[in-house]
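Reading through the structure tokens given below for one structure.
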Amino acid sequence: MKTIIAEERGPRPVLVNVFLRGGADGLHLVPPVGDDAYYRARPGLAVKAGEALRLTDFFGLHPDLGPLHGIYQAGELAVAHQCGTADETRSHFSAEDYVNHGGLEGGGWIGRFLHRTRDAGDGPLTAVSIGAGVSDALRGVAAVAMRSLEEFTIPDRDAALRGQLGAMYARAGGVLGAAGASTLRALERIEEVRKGGGVSGGVAEAGYGDDGFSGGLRLLARLIRARAGLRAATIELGGWDSHFAQTTLTSGLMPVLARGLAAFRKDLGGLMGEVHVVVTTEFGRRVAENVSAGTDHGRAGVCFAMGGGVRGGRVLSDWPKGGIGADILEGPGDLPVRLPLHHGLTSVLKRIRPEVSGEAVFPGLEAGELDW
Amino acid sequence: MGFEDMKTPETMTRRGVLRLGGGVAAGVVLSGCGKVRALWPRRGELKPFAVPGGEGIGPVAHVLNRLTWGAGPGDYERVRAMGGTEEEAAAAFVEEQLKPEMIEDDYARAACAPLEAIRQPVPELFEYKPAQLDDELTRRAVIRAVHSERQLYEVMVGFWSDHFNIDASKLDCQWFKCADDREVIRKHAMGSFREMLKASALSPAMLFYLDGRKNRKDGEADRPNENYARELLELHTMGVGGGYSQEDVMEAARCLTGWTVTGREVQFGIGRVYFDPRGHDDGRKVVLGVEIPAGGGAGDLDRLLDILMGHEATGRYVAEKLCRHFIADEPPVGAVKVVAEAFRASGGGIREMLRALFGSEEFGAARGVKIKRPFHFVVSALRATGSVTTAGGGVKRALRVMGHVPFHYPTPEGPAPEGSAWLATLLHRWDFAVKLTDGGIGCSRNEPEKLVRCAGGVGGLLGHCFGRRATEDELAAAGAVEDVVALALAAPAFQIY
């Protein structure tokens, strides 16, 4: 089996969706240091105004996210606060489903986007999930999961095996047949990338950590620089479900997030203009801290956008004038969603392909955009 | 401790293990480092065996597919002989497997005997490094799934491990998951759902994993930690659409305040689960419209669980999950109804639900429509090849790269139940198929050429692996390669069951 791979020319934008699994606390990542009600609700957990890195007169950045501060100041990172979805279940799984599917429809939001903007040059590595499984956000297009280029192989002892497997899977049809075909094509493409073909192994001084998140971003940077046909990728950083001892838990995660993203940007250099990163989570957390120095499932959180010409250096929000006191909170004491997540995502997608409409990618949801 | 360990007391010595190992047909010897090295396949030397020959998957191959982790050499022949017709044989096998305590399991017990650390009582577990416990836990799960004769029981252990998912890498779960595995999952896997639910609620690992131990009310302003209460309703009993509200979650969390466990921080008495009345919110609660009067204290837990058990959503949700697991990813409504009724009538009797399920028309009809998840694929490949495994590095590496190492799914909903969610692992399955048959999985030994011979040639091998006669195309493909066994395991027909 031989696949012809067309050389990619000109700018080829790539969407990178970073999902913070577990419900990252927006009030901890980007604390509203100008809001007294925030300090009253979180006597033990609030980030002190003097310790937060300045974003605006009102919002700060958690100091553990330090590597992102310079990117914000350079105007390449924007924040949407009070951001979220219409899912009110406060269930991880239903909220994550809602985010990935882009509403209540089947299929994934990125899958629908790619489907709408498909061009003839699309190859086996159009959509990639870093990890063991393909993200639901990619549903609707052929996608592969990988953890490293080195792992993505089979022994070549029996030369006839691949061909016969290809034939068997082609005859099987259905989801198995499709998975077999895309696996074989991806395998061939990755073997080419691995063999080198003028692709460097990554920028050593980019500053990646030795954690899996940095490793995944580094692999994506390699695929992007190799012009391997990547259009969209998903990567997860899990563990944000901070019911208990939130400060300890997040102080391990925030540096991983910030270091990885900063190194990815440095690694890609000038290519960052066509790499659109969005950082999302399933929901934010309860405004008031609980009895075990943590926070329970809430509603609105934060979303970040980096690169791809985002109008950064700004925090978008519709913060209540009198602060986040009990009068404006929703349900058990949660920050209401004011900036719909899918509006933020629509704006990013429109920078990649202006002709794409919010209705097409997020069917059933009210179309709109965020000014970033 | 589960009944499968009864003949192997926790205090059993190496000498005792050796005696036991020597006394059974398929023996094991211990190497110097205490690891088990098995000498012969599961039931002795490979010898010629009959394979399914029907055009499609027949009743016997179907129950072997669904009630076991995959058919091994000779399994079809043994089960087929249990009845005059295929249907009778299949029904007899179901009844056999519904009574695991009546099935001898010396080989698997002996193979697991050297895994001594995970059998220690709770406080002593803390004398071991988490890496050793983790290694033993994974190996026991694989060895039992591959080598146990109580196959349905082992399938149920996998099912409940997902249902009451705990990530054994979180905090003190690194130690406590060993106790949860034997005292919650293995102890109740074919018993009473109500008892398993309570055992899970008070399991040290669960109290750590979902923060229940930190859920207490000391002052008026204290807000309970909802983590466990929410998953109890959403994942363990009623299901996300089960009809509870955020208010119910908060009320359930209040019921559970005060239950806690001692962890590593104490010198003596690690793992003591107790109720601290000073941390309990003893006021009146209303859960799902049912009142729990003030002053219930520790009894609030049982009141809460009874309310959940009595709610029709719980029976339906558990029935749906069982039907998804054993019948089809889209559980048939009729079967769900029958199984939910068995749940209601038996107060959550697991055998009763299973008997109803296996007796349903929908179960009998849904042959070969499910896709294996990675753990199932790996174990079924080991079984199909008659491999003897110690579940060492090669097996663990394969499970890791496919994202399906037991007890390591990070979030409480557990790994996706549908096989279709795991198809991105196809390449790694092919990789495993090739390596397993050429000696690349060092901990798992088999004899591919002899296997083909004993199955009656290439056609017989494919029939054995696919549960039905091979098609002309499949035979032609097998004829074109050298690695026939690898091709059979990598084929689409081996990914389904």
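This one's a predicted model, so the numbers in the text were calculated from it and none came from an experiment. To find a chain, count down the sequence lines: A is the first, B the second, and so on, and within it residues start at 1.
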Verify side-chain contact (heavy atoms from CB on, under 4.5 Å) between Tyr228(B) and His243(A), making sure each step is shown before the conclusion.
CA-CA 10 Å; Tyr228(B) 174 71; His243(A) 288 278; over 6 Å; no
Measuring heavy-atom distances to chain A, does Gln246(B) have an atom under 4.5 Å in its side chain, in its backbone, in both, or in neither?
side chain
Which pair of heavy atoms, one from Ala424(B) and one from Ala132(A), lies closest together, and at what distance?
CB-O, 4.4 Å
Among residues 478-497 of chain B, those lying within the under-4.5 Å heavy-atom range of chain A are Ala480(B), Val481(B), Glu482(B), Asp483(B), Leu487(B), Ala490(B), Ala491(B), Pro492(B), Gln495(B), Ile496(B)
Does the side chain of Asp473(B) come within less than 4.5 Å of Met168(A)'s, by heavy atoms?
no
Taking the side chain as everything from C-beta on, heavy atoms only, tell me whether Leu165(A) gets closer than 4.5 Å to Trp430(B).
yes
Give, as side chain, backbone, both or neither, the part of Arg139(A) having an atom under 4.5 angstrom from any heavy atom of chain B.
neither
Under 4.5 Å from any heavy atom of chain A - which part of Leu210(B):
neither
Do any of residues 285-297 of chain A have a heavy atom less than 4.5 Å from a heavy atom of chain B, and if so, which, in residue order?
Arg286(A), Ala288(A), Glu289(A), Asn290(A), Val291(A), Ser292(A), Asp296(A), His297(A)
More than 12 heavy atoms of other residues, nucleotides or ligands under 6.0 Å from CD of Glu265(B): is that the case?
yes
Please determine, among Asp158(A), Thr183(A), Leu187(A), the option with the most heavy-atom pairs under 4.5 Å with chain B.
Asp158(A)
Structural part of Pro374(B) lying under 4.5 Å from a heavy atom of chain A
neither
Measure Thr153(A) against the heavy atoms of chain B and call it side chain, backbone, both or neither at under 4.5 Å.
backbone
Using side-chain heavy atoms (C-beta onward) and a distance below 4.5 Å, is Asp241(A) in contact with Thr411(B)?
no
When every non-hydrogen atom of Pro332(A) is compared with those of Arg223(B), the smallest separation belongs to O-NH1, 3.5 Å
Just give me the residue among Ser129(A), Ser182(A), Gly239(A), Gly180(A) that pairs up with chain B most often, heavy atom to heavy atom, under 4.5 Å.
Gly180(A)
Does some side-chain heavy atom of Glu231(B) sit less than 4.5 Å from a side-chain heavy atom of His92(A)?
yes
Between Val175(A) and Ile371(B), does a side-chain contact (heavy atoms from CB on, under 4.5 Å) hold up when you go through it step by step?
CA-CA 10 Å; Val175(A) 287; Ile371(B) 295 172; 3.9 Å; yes
What I'd like to find out is whether the side chain of Arg400(B) reaches to under 4.5 Å of the side chain of Arg147(A), using heavy atoms alone.
yes
Counting only heavy atoms closer than 4.5 Å, note whether Leu233(B) contacts chain A via side chain, backbone, both or neither.
neither
Can you confirm whether Leu426(B) sits close enough to Tyr169(A) that some side-chain heavy atom of one is under 4.5 Å from a side-chain heavy atom of the other?
yes
Does the side chain of Glu234(B) reach to within under 4.5 Å of the side chain of Phe93(A), using non-hydrogen atoms?
yes
Interface check, chain A: of Asn215(B), Asn227(B), Asp211(B), most non-hydrogen pairs under 4.5 Å belong to Asn227(B)
Do Val401(B) and Phe152(A) have side chains that approach each other closer than 4.5 Å (heavy atoms only, starting at C-beta)?
no
Can you tell me which portion of Arg90(A) sits under 4.5 Å from chain B's heavy atoms? Options are side chain, backbone, both or neither.
both
Greater than 12 external heavy atoms within 6.0 Å of Arg397(B)'s CZ:
no
Region of His404(B) in contact with chain A, defined by heavy-atom distances below 4.5 Å
neither
Which bit of Val240(B) is near chain A, if near means a heavy-atom gap under 4.5 Å: side chain, backbone, both or neither?
side chain
To the nearest 0.5 Å, what is the distance between CD (Glu96(A)) and CD (Glu413(B))?
7.0 Å
Over 12 non-hydrogen atoms of neighbours within 6.0 angstrom of CD in Glu330(B)
no
Applying a strict 4.5 Å limit to non-hydrogen atoms, the region of Asp167(B) in contact with chain A is neither
